Amino acid sequence: YINAMENPLMKDQPDDSGMAAYRLAQLEMQKRNYRRADRYADVSLAYDNSAQLGAEIKAQCMKAQMITPQDSSKYLAVINKLYETDPNNEKYFAWIMQFYDRPQQRHKLEYFVDKQLEDNPGNIVPWILKGELAMTTILRSVRQIAII
């Protein structure tokens, strides 16, 4: 379909190549063929109606292939950018939370939640997370005291 749309005979037809490329990227992701998924996501980025979806596929490919700290930094930058473009998107917020939900990232999670509270104090989700973080800290302290 994508190649057929480049034919001059198709010039008057609606072009859904972006959505077709996005769907192909999804299928390749399911097969864990990240290189092809990323390539189809690149195609979907060129179309207004599928650019955001293509960016999501690219982020998922990055996450699936993270190995080095540099890979992690790149992935975090991408999901932060996605979140900045749509701060009400729960998926992007969840991706950031999943990234930070590792023991070595705990302090960064607290910073991120505090920043979200500064930027949008009316959003209930960061308040809930702030409470959970405080509860976890208290439970950790209680366990340490019980061990002593």
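Nothing here was measured: the structure is a model prediction, and the numbers come from that model.
Looking at every heavy atom in both residues, Y47 comes nearest to G18 through CD1-CA, 3.4 Å. In plain terms, the two heavy atoms of D42 and K58 that are nearest each other are OD1-NZ, 2.6 Å.
Residue L109 is grouped with residue M66 when hydrophobic side chains (ILVMFWY) are merged at heavy-atom distances under 4.5 angstrom, including chains of intermediate members. By the rule that hydrophobic residues join a cluster once side-chain heavy atoms approach within less than 4.5 Å of another member, L117 and Y111 end up as members of separate clusters.
Cluster partners of Y22, by chain and number: M19, M29, Y34, L53, I57. The rule joins Ile, Leu, Val, Met, Phe, Trp and Tyr whenever side-chain heavy atoms lie under 4.5 Å apart.
Q70 and Y75 form no side-chain donor-acceptor contact under 3.5 Å, judged by distance and modelled atom types alone. Looking only at atom types and distance, the side chain of Q98 has a donor-acceptor partner in the side chain of K63 under 3.5 Å away.
Listed for the Q65 side chain is a donor-acceptor partner under 3.5 Å among the backbone atoms of C61.
Q52 contributes atom CD, which lies 4.5 Å from atom OG1 of T85 (distance to the nearest 0.5 angstrom).
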Is there a side chain to side chain contact (heavy atoms under 4.5 Å, CB included) between Y100 and V113 once you walk through the steps?
CA-CA 10 Å; Y100 285 137; V113 169; over 6 Å; no
K91 vs L82, test: side chain to side chain contact (heavy atoms under 4.5 Å, CB included). Steps then yes/no.
CA-CA 10 Å; K91 181 188 323 180; L82 285 170; over 6 Å; no
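Here the two rings, on F112 and F99, have centers that are 6.0 Å apart or farther.
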